[in-house]
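Notes follow the structure.
Worth knowing before you read on, the calculation uses all heavy atoms, side chains too, and leaves out hydrogens, waters and symmetry mates.
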Amino acid sequence: MPTVNELTTQDTVVGSDQMLMYSTVNGQSRKAPMTAVLTYIEGNINTNLEPVPLKSYLLADLPSAVANPYSVVYCLNGNAGAACVAVSNGTAWKVVALGATVS
């Protein structure tokens, strides 16, 4: 099987085409039907650009900011007792205060 760099560029694809994938588990290349890849993406990735529900936590129950860098949560009492959105900078959760109602 050729390496990724040896493959030619394809401008169009159809569902029966095979897609080359690299397994990070065992370092091997694999192929899968394009329809299977699209089914996985549609089932596991928000492709409709709909609102993404945030997981909510009490301040005392927030997960580690270090273990969750660049994550976003809804903290029910994280802004001096008021609800807020919080973003992890990799060290601490930072408050994104809720402001005026969207209009």
Using every non-hydrogen atom in the two residues, find where [X] and [Y] come nearest and quote the distance to one decimal.
X     : Y     : result
Ser71 : Asn68 : OG-O, 3.0 Å
Asn89 : Ala92 : OD1-N, 2.8 Å
Leu59 : Gly78 : CD1-CA, 4.3 Å
Val96 : Cys84 : O-CB, 3.8 Å
Gly90 : Pro69 : CA-CB, 3.8 Å

- Message: Is there a path of hydrophobic side-chain contacts, each under 4.5 Å between heavy atoms of I/L/V/M/F/W/Y residues, joining Val52 to Tyr57?
- Response: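 Tyr57 and Val52: separate clusters.
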Hydrophobic cluster identity match, Leu58 and Val87, side-chain contacts under 4.5 Å =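 Yes; tracing contacts between hydrophobic side chains, which count when under 4.5 Å, links both residues.
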- With Tyr74 via side-chain contact (heavy atoms from CB on, under 4.5 Å) - residues at least two apart: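 Listed in chain order: Leu54, Ser56, Leu76, Ala83, Val85, Leu98.
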